[in-house]
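One structure is given here, and the rest of the page talks about it.
Along the sequence shown, residues are numbered consecutively beginning with 1.
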Amino acid sequence: MLFRSAADWQVISVVTPLTVVQQYEALLGAAGLSVSRVTLSSLAAMPLLPEGDEGSTLLVKLSPPWLTTVIVQGQDICLFRTGTLTQRSAAEPQPAEVLEAIYPAFAYFQDTFGRSLDRVYLCGLGEAANGVIERIGEEMHVSAQPLLSGSDAASSSGGWSRADAERYSAAFLGLLRE
């Protein structure tokens, strides 16, 4: 993906085994679709972040078992990190384990830039999001909220749970917005 801020270009390169890309291409090809681009769902969801925010934003996106943290300051990506949750927690994430997984992003930003994050957006946590939002406010003193509003998730849910609707539709909605 290419991002342009002022006169500078940022290039984010993602390396994936060819066999994985071919699996996605074959799946979509069987449905009569052609693939024009393969990207990570967390990168695809980034256009859903509010425009014009000059401060620092942490995006936390769960695509079980992967939990990705992306810190954006203005138009610049400062951190992109992916880790895993345990299989049980990935299916039904617990606020404590999610917080444990995202604390390094808070620490990195504070140590590197000498200040706290301005806001946090959560995606794919489902019902656990409420507990995470509460604890981020209490412990980190940062405003947190879901990336997708209730209406965005509900309108694209197709009968999925709230968490699945967020996980699977955020990337598509972000690509459409891009």
Side-chain angles (χ1 to χ4, degrees), residues 1-5 10-14 16 20-21 23-85 90-93 95 98 101-102 105 117-133 136 142-178:
M1 292 185 90
L2 294 173
F3 295 92
R4 185 170 189 166
S5 65
Q10 290 183 348
V11 177
I12 298 173
S13 177
V14 178
T16 303
V20 172
V21 173
Q23 289 173 358
Y24 283 104
E25 290 174 338
L27 178 68
L28 292 171
L33 302 171
S34 61
V35 178
S36 63
R37 174 171 51 159
V38 176
T39 188
L40 301 172
S41 66
S42 48
L43 289 176
M46 285 182 55
L48 297 176
L49 292 171
E51 293 183 29
D53 285 341
E54 291 302 317
S56 55
T57 302
L58 170 63
L59 170 62
V60 178
K61 185 169 184 310
L62 178 63
S63 294
W66 308 106
L67 184 79
T68 300
T69 53
V70 183
I71 296 178
V72 180
Q73 185 166 349
Q75 296 294 314
D76 298 326
I77 294 177
C78 302
L79 173 75
F80 188 94
R81 181 175 184 258
T82 300
T84 59
L85 295 181
E92 294 182 31
V98 172
I102 67 174
L117 290 161
D118 293 311
R119 68 197 66 77
V120 176
Y121 289 94
L122 306 172
C123 183
L125 298 177
E127 300 307 317
N130 295 333
V132 174
I133 288 169
I136 286 174
V142 176
S143 170
Q145 64 187 36
L147 178 63
L148 297 177
S149 69
S151 61
D152 289 339
S155 67
S156 59
S157 70
W160 289 333
S161 69
R162 174 182 164 196
D164 285 344
E166 291 173 354
R167 290 172 190 156
Y168 302 126
S169 63
F172 294 113
L173 293 172
L175 288 171
L176 289 174
R177 184 171 290 176
E178 184 183 38

Contact between [X] and [Y] at the side-chain level, heavy atoms closer than 4.5 Å - yes or no?
X      : Y      : value
Val70  : Leu58  : no
Phe172 : Ser41  : no
Leu148 : Leu173 : yes
Leu62  : Pro93  : yes
Thr57  : Ile71  : no
Leu85  : Trp66  : no
Leu67  : Val60  : yes

Considering all heavy atoms of both residues, which atom of [X] and which atom of [Y] are nearest to each other, and what is their separation?
X      : Y      : value
Val142 : Ile136 : O-CG2, 3.5 Å
Pro146 : Tyr121 : O-CD2, 3.8 Å
Lys61  : Ala170 : CE-CB, 4.3 Å
Gln73  : Cys78  : CB-SG, 3.6 Å
Met46  : Leu59  : CG-CD2, 4.0 Å

I need the Phe80 CZ to Leu43 CG distance, nearest 0.5 Å.
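One gets 4.5 Å once the value is rounded to the nearest 0.5 Å.
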What is the distance from atom CG of Leu147 to atom CD of Glu166, rounded to the nearest 0.5 Å?
8.0 Å
Mind running side-chain contact (heavy atoms from CB on, under 4.5 Å) on Gln145 and Leu122 for me, showing each step along the way?
CA-CA 6 Å; Gln145 64 187 36; Leu122 306 172; over 6 Å; no
Do Arg167 side-chain atoms and Ser63 backbone N/O form a donor-acceptor pair below 3.5 Å?
no
Under 3.5 Å donor-acceptor, Ser56 side chain and Asp118 backbone
yes
